[in-house]
Amino acid sequence: MSGIAQVEGLRGAVEEARYARRMAEGRAEPAAVVGHDELATHVLLLASVPDDVRHMFRVRLLDPLRSYDQVHRADLVRTLEAFLRCSGSWTRCAELLHVHVNTLRYRIQRIQDLTGRDLARLEDRVDFFLALRLG
């Protein structure tokens, strides 16, 4: 439910309702409800971006890693996911992946080299997080 809307905010409320309907349609339950709190997440923003733009965003960020993983039998995408899940904690991520922290540092450096992104920057972490959510 999008709440009470003023006349000038009606277009936004209608769009929000459309995205809520799409989110509900994607659920397994026959009758699904999407709450207001669910619409205040990145999911709503991602749903409002055209499919081709979302696809290209994901491809540009993740394809260099996927290609490297495929050729070198590396785990860069999985490492990136774990690193973000651990909020950038080297120790926790290394434990989660069952690797030495130096191995993790090497993988993160490789990710940065391949993508031109810096995982110490919040903006780049957010971009990777969103790209992974799209994939």
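For the numbers below, each heavy atom of this structure counts, side chains included, while hydrogens, waters and symmetry mates do not. Remember, it's a predicted structure, so these values are computed and weren't measured experimentally. Along the sequence shown, the residues carry numbers beginning at 1.
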Between R125 and F83, is the side chain to side chain contact (heavy atoms under 4.5 Å, CB included) condition met? List the steps.
CA-CA 10 Å; R125 285 186 189 187; F83 188 72; 4.1 Å; yes
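- The nearest pair of heavy atoms linking L76 to D69 is N-OD1, 2.7 Å.
- Judged by distance alone, the side chain of T103 and the main-chain N or O of V99 form no donor-acceptor pair under 3.5 Å.
- Sorted by first and then second residue, the salt bridge (charged side-chain N to carboxylate O under 4.0 Å, His left out) pairs with a member in residues 76-90 read D75-R78; sequence neighbours excluded.
- Taking the side chain as every heavy atom from C-beta outward, R58 and L132 never approach each other to under 4.5 Å.
- The two atoms that bring A82 and L96 nearest to each other are CB-CD2, 3.8 Å, heavy atoms only.
- M56 places a side-chain heavy atom less than 4.5 Å from the side chain of R60.
- Checking side-chain atoms of R92 against main-chain N and O of C86 turns up a donor-acceptor pair under 3.5 Å.
- Looking at D118, its side chain never comes within 3.5 Å of a backbone N or O of D124 through a donor-acceptor pair.
- Heavy-atom contacts from other residues, nucleotides or ligands closer than 6.0 Å to CD of E123 number more than 12.
- By the side chain to side chain contact (heavy atoms under 4.5 Å, CB included) test, R105 pairs with W90, V101, N102, sequence neighbours left out.
- Contact annotation: the side chain of L62 approaches that of F128 to within less than 4.5 Å [non-hydrogen atoms, C-beta and beyond].
- R117 has its side chain within reach of L61: a pair of non-hydrogen atoms, C-beta onward, lies under 4.5 Å apart.
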